[in-house]
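Worksheet: one structure, shown below.
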Amino acid sequence: MKRLPYNSPVTVLALETSCDETAVAILRGNDSRYELLVYAPRLLDSAASAAKIAPSEIDVFAATSGPGLASSLMIGASIAKGLAIGLGKPYLAVNHLEGHLLSPFFDIEKGGGNDIKPHLSLIVSGGHTMLVLVRGLANYQFIGRTVDDAAGEAFDKVAKMLGLGYPGGPQIEKHARGGDPKRFDLPRSMLGSENFSFSGLKTAVRYLPKVAERRLTQTPCNLDEEMLSDVCASFQQAIIDVLVAKTLAAAQKHGVDLVTVSGGVSCNQELRRQLREACSRKGIEFKSSEPWLCTDNAAMIAFAALLRSQAGFQSQLTREIDPNLALV
Ligand code: KG4
Ligand code: ZN
């Protein structure tokens, strides 16, 4: 494996197409500084021209190789491989979950992301809810995952039940503000386990009196604003309680002094606040991704590719996409 000296900057073009959008980012960095030349959703051409960078200046072409939708993953990987072949540069397949997991270390101002300290990572997105023990870059141990719905999926499904739009997380967070999180006694499932389950919580919301009535009569949302606020606040708090309790228990069990959170659900301000407070009570450092890096984006894939390429990783051009790609 060829290691690049840490101080030589590497320029990465990365595509993220795990779901139904195509996003491109170009990132240049070494161990002390990053320059996000462009973070352009959708267009490859505009990425290169906005970055004022010639294709020949790109050192590595990266793409998400899974998990995600096969047809979408195929597009990003094919483009990155085609560019790598055409320009005679390496190709790097990146696991979407590793993109989320590393994103709390992506600090454009301070740099220093090469130092992935041992920590416990909570990944909470629309497709995944996972606890991972990180010993360093590419050195991951699986701790727990959801046995049914992902946290974000629960937010989306409950929002739909309440007649709120998609994605549900931001809608529920908005309506939860000012609501009473104790008004409805909703279940906190599987607290004794390192795995998660959110489908019982979703069902419990479905059978709350006014919510059930709305479903049975097929009428539009007839909850008054106070009731809606209280349902949202109670539901959000049930999810947060479970995420905080399990993350803290795992952090203590595995003796880590740093906890990170990433993925779309980590945009949630209340989750970030309560996790930060719980960590600080136990003397554990806490890091979250910047809000723009929480939901799916290509910059996190470029960042993961940059760290991996500096550590000497490269992928075979024959490497296939894998819709069920595991992190560990
Ligand atoms: O990471 P992401 O963009 O896509 C996946 O990899 O799945 O996560 C999307 C999920 C959606 O389920 C969305 O409802 C949730 O993240 N989400 C939130 C918030 N913003 C987005 N959940 C709770 N609170 C938020 N503010
Ligand atoms: Zn994601």
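Atoms within a ligand are numbered from 1 in the order they appear, just like the ligands themselves. Below, each value reflects all heavy atoms present in this structure, side chains not excepted, and no hydrogens, waters or symmetry copies.
Of all the atoms in ligand 1, the ones that sit under 4.0 Å from a non-hydrogen atom of E173 are 25 (C), 26 (N). Of all the atoms in ligand 1, the ones that sit under 4.0 Å from a non-hydrogen atom of G152 are 12 (O). Residue T295 approaches ligand 1 through these ligand atoms, each under 4.0 Å from one of its heavy atoms: 3 (O). The atoms of ligand 1 that sit less than 4.0 Å from any heavy atom of P167 are 13 (C), 14 (O). Those atoms of ligand 1 with a heavy atom of G168 less than 4.0 angstrom away are 14 (O). Proximity to S125 (heavy-atom distance under 4.0 Å) selects the following atoms of ligand 1: 1 (O), 5 (C), 6 (O), 7 (O), 8 (O). Numbered from 1 in the order shown, with element, the atoms of ligand 1 that lie under 4.0 Å from a heavy atom of C267 read 20 (N), 26 (N). Below 4.0 Å from some heavy atom of H96 lie the following atoms of ligand 1, by number and element: 6 (O).
Listed by chain and number, the residues in a ring pair (Phe, Tyr, Trp, His ring centres under 6.0 Å) with F61 amount to none (sequence neighbours excluded).
Contact annotation for H100 and ligand 1: only side-chain heavy atoms (C-beta onward) come within less than 4.0 Å of the ligand.
Note: F303 and Y34 meet the aromatic proximity criterion, with ring centroids under 6.0 Å apart. No close placement of the F235 and H175 rings is indicated, their centers lying 6.0 Å or farther apart.
Put simply, the side chain of T129 reaches to within 4.5 Å of the side chain of L243, judged on heavy atoms. Counting heavy atoms from C-beta outward, N268 and I239 have side chains that stay 4.5 Å or more apart.
The shortest contact between atom 7 (O) of ligand 1 and any protein heavy atom is with G126 N, 2.8 Å. Nearest protein heavy-atom contact of atom 6 (O) of ligand 1 is D296 OD1, 3.0 Å. The protein non-hydrogen atom at the shortest distance from atom 24 (N) of ligand 1 is N268 ND2, 3.1 Å. The nearest protein atom to atom 11 (C) of ligand 1, hydrogens excluded, is given as D156 OD2, 3.5 Å; this is a heavy-atom distance. Protein heavy atom in closest approach to atom 1 (O) of ligand 1: G264 N, 3.0 Å.
Classified by interplanar angle (parallel below 30°, tilted 30° to 60°, perpendicular above 60°), the ring pair H96/H100 is perpendicular.
Taken from OH in Y207 to CE in M161, the straight-line distance is 9.5 Å, to the nearest 0.5 Å.
In terms of polar-atom proximity, G263 is not counted as a contact of ligand 1, lacking any N or O under 3.5 Å from an N or O of the ligand. At least one N/O-N/O distance between G169 and ligand 1 falls below 3.5 Å.
For the Zn ion (ligand 2), the set of nearby N, O or S atoms under 2.8 Å includes none belonging to H128.
Draw a line from the Zn ion (ligand 2) to OD1 of D296 and another to NE2 of H96, and the angle between them is 100° (to 10°).
A salt bridge links E194 with K253: at least one charged nitrogen is closer than 4.0 Å to a carboxylate oxygen.
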